[in-house]
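When a residue number appears, it is its place in the shown sequence, counting from 1.
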Amino acid sequence: MDRSQKAESVAFLSGVFNEAGAVVITRNLGMTVAQSTDLRNKIREAGATYKVAKNRLAKLAIAGTDYEGIGDFFTGPTAIAASADPVAAAKVVVEFAKTTDKIEIVGGAMGSQVLNPDGVKALASMPSLDELRAKLIGLVQAPATKLAQLTTAPAAKLARVFGAYAKEAA
């Protein structure tokens with residue numbers, strides 16, 4: 001890697017750290033190309049990024065960001081999973097780590113809050129931003145639905161009473 005490529009890599013990683021809601025640091029322990037491709041595809045589908053980075057360049061990229069506390073995690077063959085949704089990257093990486101022993105979760109961060117591997121797993125167990133939005137919409141719609149049912153229920157009961165009287169009279 002020449003100097004210009006290193007500068008581009010640091011600029012890219014710095015952009016990732018500035019835009020990320022959460023970052024997960026993993027250690028790759030001999031993943032095959034197929035496993036790596038599978039992980040990258042799953043992460044891309046979740047709206048996150050996954051980048052194998054040189055530790056020295058990653059440490060330069062986190063300087064001046066909220067993620068300066070994770071500098072100690074960059075030892076050995078590491079990779080960075082990041083997403084704007086704080087849960088997306090963690091969820092995919094934790095699910096993938098359950099299927100293989102070739103990847104180890106080193107830690108992560110959510111803003112300036114540094115997470116150990118258990119913290120990343122706890123973050124992954126939380127509902128995603130889309131799931132929370134769906135629950136919120138459901139909670140907002142529920143009272144309106146009940147109100148509509150309550151306003152139509154007396155009319156329906158009245159119609160059934162009239163129907164019963166009509167059958168009796170006939």
> Going hydrophobic residue to hydrophobic residue with side-chain gaps under 4.5 angstrom, can you get from I62 over to F73?
Replying inline: yes
>> Test side-chain contact (heavy atoms from CB on, under 4.5 Å) on I25 and F74; report intermediate values, then the result.
In response: CA-CA 8 Å; I25 308 299; F74 293 109; 3.6 Å; yes
>> Please determine whether side-chain contact (heavy atoms from CB on, under 4.5 Å) holds for the pair Y50 and V24, giving the CA-CA distance in whole Å, both sets of side-chain angles, and the decisive distance to 0.1 Å.
In response: CA-CA 9 Å; Y50 186 75; V24 178; over 6 Å; no
>> Is there a path of hydrophobic side-chain contacts, each under 4.5 Å between heavy atoms, that joins I80 and L115?
In response: no
> Are M110 and M126 grouped together when hydrophobic residues (ILVMFWY) are joined by side-chain heavy atoms under 4.5 angstrom apart?
Replying inline: yes
>> Tell me whether K42 is salt-bridged to E45, with the criterion being a basic N under 4.0 Å from an acidic carboxylate O.
In response: no
> Would you say the side-chain atoms of T78 and N28 include a donor-acceptor pair closer than 3.5 Å?
Replying inline: no
> Going hydrophobic residue to hydrophobic residue with side-chain gaps under 4.5 angstrom, can you get from V93 over to V23?
Replying inline: no
>> Between Y67 and V114, does the side-chain contact (heavy atoms from CB on, under 4.5 Å) criterion hold? Intermediate values first, please.
In response: CA-CA 8 Å; Y67 297 100; V114 177; over 6 Å; no
> Are V94 and L39 in one and the same hydrophobic cluster, where Ile, Leu, Val, Met, Phe, Trp and Tyr link if side-chain heavy atoms are under 4.5 Å apart?
Replying inline: yes
>> Can you confirm whether D72 is buried at CG, in the sense that more than 12 heavy atoms of other residues, nucleotides or ligands lie under 6.0 Å from that atom?
In response: no
> With a 4.0 Å cut-off, would you call D2 and K6 a salt bridge?
Replying inline: no
